[in-house]
Amino acid sequence: MSIVVTGATGHLGRLVIDALLERGTPAASVAAVVRDKAKAADLAERGVELRVADYDRPETLVGAFEAGDRVLLISGNAVGQRVPQHTAVITAAKAAGVAQLAYTGLLGGPDADFVLADEHKATERAILDSGLPYTFLRNGWYTENYTENLAPVLAHGAVVANAGEGRVASAARADYGAAAAVVLTEDGHLGKAYELSGDTAWSLAEYAAEVARQTGRDIAYDDVPAETHHGILTGAGVPEPFASILVDVDAAIARGRLAGTSGDLSRLIGRPTTPLAETVAAALRSL
C-alpha cells in the first residue's frame, strides 16, 4: 500500500509530499504520479516512487494505482477539461481497488454557486457515484493567489478587483498541503467532507493596506465594475475565458462565498493557519 499523490510536480502536490515526509511517512511508501519524470527528479532523489501518467491519456492511468493505495486526486488546472480528466482518474482508481480517494475540491462543495465550482461539483458527484471510499478536501482560496501577483500591484500602486467589501478566508498553500497529508495518513477521515479555509477572513482593502504597511508604499484598493475589471484583465493578456472566471470569482467574494471560517483546516493541521501578513512578507522577499 502506498500513499499516491497525483499532480505531484505542481505547487500543491510538492507541498503535500513535503508534509507527508515531515510527518514521518517513509519515502518508499509515497508515490508521485507525474507526466514527466525529469521534472520529478528531485522527488526520486528523496526516495519517492515515480509513476508516469497523464490525466488526458486514460490508458496511462491503468498502472498508476494499486489495490489498497490511499490516493490524493489534486484537481487539474485546465479549466473546462477537468471533468473528463478527473473521471479518468476515478475510473482507474476504482479498477485498482484503492482504499481511499481524497479530492481537492472547492470551498462550499455543492452549495458553491460560481462558475469555477462547477467542475469540482461534477467531480464530487462522480466520486460518490463510483462508490469509492472518499474524503473531500474543499479548499478555500490560497493566499498565494494574490501574493504571487504582487509585481503588478506594486507597479500600479493598486489592488484591482470587483469584489466590493467581500472577505476572503484564505490560507497558505502549505496549510492545505498539510491537511491533505493528515487525511492520507490518519484513520477516521473516510466519507467526510472538510470545508477548509483560513482562520481569519480579510477584505481586499485590508490586503492592500497590509502590502502598503510592509512596503512603505501607497497601495490602494480599486474596486471597479465587473466589466471594467474584465477589460483590464484581457488588456493585460489574460485569455478571455479565464478573465471571465476571475471576474465571476470576485463577484462570489462580494457575496461572501469565500469568507467561511469553519475551523476545519486549523483543526486538521493542529495549529492556526498561516496569517495573511506572513504570506505577504514571504512573497515580498522573493521579488
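Separation of atoms CZ (Arg23) and OG1 (Thr185) is listed at 3.5 Å; rounding is to 0.5 Å. His11 contributes atom NE2, which lies 5.5 Å from atom CZ of Arg173 (distance to the nearest 0.5 angstrom). To the nearest 0.5 Å, atom CG of residue Leu184 and atom CG of residue Leu20 are 6.0 Å apart. Note that OG of Ser262 and CG of Leu107 are 7.5 Å apart. Values are rounded to the nearest 0.5 Å. For the atom pair Arg167 CZ and Thr200 OG1, the distance stands at 9.0 Å (nearest 0.5 Å).
Of the residues listed (Val159, Val280, Val153, Val168), the one engaging Tyr146 in a side-chain contact (heavy atoms from CB on, under 4.5 Å) is Val168, and it is the only one.
Under a 4.0 Å N-O distance rule, the pair Asp113/Arg255 qualifies as a salt bridge. The existence of a salt bridge linking Arg271 and Asp199 is excluded, since no basic side-chain nitrogen approaches an acidic carboxylate oxygen closer than 4.0 Å. Remark: Arg51 engages Asp69 in a salt bridge, criterion side-chain N to carboxylate O under 4.0 Å. Ion pairing between a basic and an acidic side chain is recognised when a charged N comes within 4.0 Å of a carboxylate O; Arg257 and Asp248 show no such pairing. Salt bridge Glu124/Lys121: absent, no basic N to carboxylate O contact under 4.0 Å.
Contacts of Tyr221 classified as side-chain hydrogen bond (donor to acceptor under 3.5 Å, both in side chains), with partners at least two apart in sequence or in another chain: Asp223. Residues satisfying the side-chain hydrogen bond (donor to acceptor under 3.5 Å, both in side chains) criterion with Trp202, sequence neighbours excluded, are Ser170. Judged as a salt bridge (Lys or Arg N to Asp or Glu O under 4.0 Å), and not counting sequence neighbours, Glu278 has no contacts. Legend: residues meeting side chain to side chain contact (heavy atoms under 4.5 Å, CB included) with Ala180, ordered by chain and number and at least two apart, are Val16, Leu72, Leu137. For Asp56, the side-chain hydrogen bond (donor to acceptor under 3.5 Å, both in side chains) partners at least two apart in sequence or on another chain are Gln85. Evaluation of the side chain to side chain contact (heavy atoms under 4.5 Å, CB included) rule for Asp111 yields no partner, not counting sequence neighbours. Every residue was checked against the side-chain hydrogen bond (donor to acceptor under 3.5 Å, both in side chains) condition with Asp129, not counting sequence neighbours, and none meets it.
Between the side chain of Thr143 and the backbone N or O of Ala171 there is at least one donor-acceptor pair closer than 3.5 Å. Between the side chain of Ser197 and the backbone N or O of Gly140, no donor-acceptor pair lies under 3.5 Å. At distances below 3.5 Å, not a single donor-acceptor pair connects side-chain atoms of Thr279 with backbone N or O atoms of Ala172. With hydrogens and angles disregarded, a donor-acceptor distance shorter than 3.5 Å links the side chain of Glu119 to the backbone of Gln81. Panel note: side chain Asn162, backbone Ala226; no donor-acceptor pair is recorded below 3.5 Å. Between the side chain of Glu195 and the backbone N or O of Gly108 there is at least one donor-acceptor pair closer than 3.5 Å.
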Would Leu128 and Arg125 satisfy side chain to side chain contact (heavy atoms under 4.5 Å, CB included), going step by step from the backbone distance to the final call? CA-CA 5 Å; Leu128 292 172; Arg125 287 194 297 269; 5.5 Å; no
Starting from the C-alpha separation in whole Å, work towards a yes-or-no answer on side chain to side chain contact (heavy atoms under 4.5 Å, CB included) for Tyr194 and Leu196. CA-CA 6 Å; Tyr194 295 103; Leu196 304 180; 3.6 Å; yes
Start with the C-alpha gap between Leu268 and His189, add the side-chain angles, then the distance that decides, and say whether side chain to side chain contact (heavy atoms under 4.5 Å, CB included) holds. CA-CA 10 Å; Leu268 277 177; His189 300 290; 3.7 Å; yes
Applying side chain to side chain contact (heavy atoms under 4.5 Å, CB included) to Val211 and Leu154, what does each step give before you reach the verdict? CA-CA 9 Å; Val211 175; Leu154 297 177; 3.9 Å; yes
Table please: side-chain donor-acceptor pairs of residues 90-102 below 3.5 Å, with sequence neighbours left out.
unit_1 : atom_1 : unit_2 : atom_2 : d
Thr91  : OG1    : Thr87  : O      : 2.9
Lys94  : NZ     : Ser130 : O      : 2.9
Gln100 : NE2    : Thr135 : OG1    : 2.9
Gln100 : NE2    : Val183 : O      : 3.1

Under 3.5 Å, which donor-acceptor pairs do the side chains of residues 236-246 form with other protein atoms, sequence neighbours left out?
unit_1 : atom_1 : unit_2 : atom_2 : d
Glu240 : OE2    : His230 : NE2    : 3.1
Glu240 : OE2    : Ser244 : OG     : 2.6
Ser244 : OG     : His230 : NE2    : 3.1
Ser244 : OG     : Glu240 : O      : 3.2

In residues 29-36, what donor-acceptor pairs under 3.5 Å come from side-chain atoms, sequence neighbours left out?
unit_1 : atom_1 : unit_2 : atom_2 : d
Asp36  : OD1    : Ala38  : N      : 2.9

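The hydrophobic cluster containing Trp141 does not contain Ile74, counting ILVMFWY residues as joined when their side-chain heavy atoms lie under 4.5 angstrom apart, directly or transitively. A continuous path of ILVMFWY side-chain contacts below 4.5 Å connects Val5 to Val48, so both sit in one hydrophobic cluster. Linking ILVMFWY side-chain heavy atoms closer than 4.5 Å, directly or via other members, places Val79 and Leu258 in a single hydrophobic cluster. Residues Leu15 and Leu265 are members of separate hydrophobic clusters, defined by side-chain heavy-atom contacts under 4.5 angstrom among Ile, Leu, Val, Met, Phe, Trp and Tyr. Clustering ILVMFWY residues whenever any of their side-chain heavy atoms sit less than 4.5 angstrom apart, transitively, puts Val52 in a cluster other than the one holding Leu61.
A perpendicular orientation is assigned to the rings of Tyr103 and Phe136, their planes being inclined by more than 60° (bins at 30° and 60°).
Among all heavy-atom pairs drawn from Arg213 and Ala277, the shortest one is NH2-CB, 4.3 Å. The two residues Ser75 and Thr104 have their closest heavy-atom pair at N-OG1, 3.0 Å. Of all the heavy atoms in Leu21 and Ala27, the pair that sits closest is CD2-CA, 3.7 Å. Ile269 and Ala179 make their closest contact through CG2-N, 3.5 Å (heavy atoms, listed as atom of the first residue, atom of the second, distance). Here the shortest heavy-atom pairing between Ala112 and Ala117 reads CB-CB, 3.4 Å.
Under a 4.5 Å side-chain heavy-atom cut-off, the cluster of Ile, Leu, Val, Met, Phe, Trp and Tyr residues that includes Val160 is completed by Val224, Ile232.
The closest side-chain heavy-atom distance from Thr6 to Phe65 is below 4.5 Å.
Heavy-atom contacts from other residues, nucleotides or ligands closer than 6.0 Å to CG of Asp218 number 12 or fewer. Counted within 6.0 Å of CD on Glu148, heavy atoms from surrounding residues, nucleotides or ligands total more than 12; the atom is thus considered enclosed.
One side chain, Thr274 or Asp175, offers a donor N or O that lies under 3.5 Å from an acceptor on the other.
The ring-ring contact (aromatic ring centres under 6.0 Å, His included) pairs that include a residue from residues 160-181 are Tyr142-Tyr176, where partners are two or more places apart or lie in different chains.
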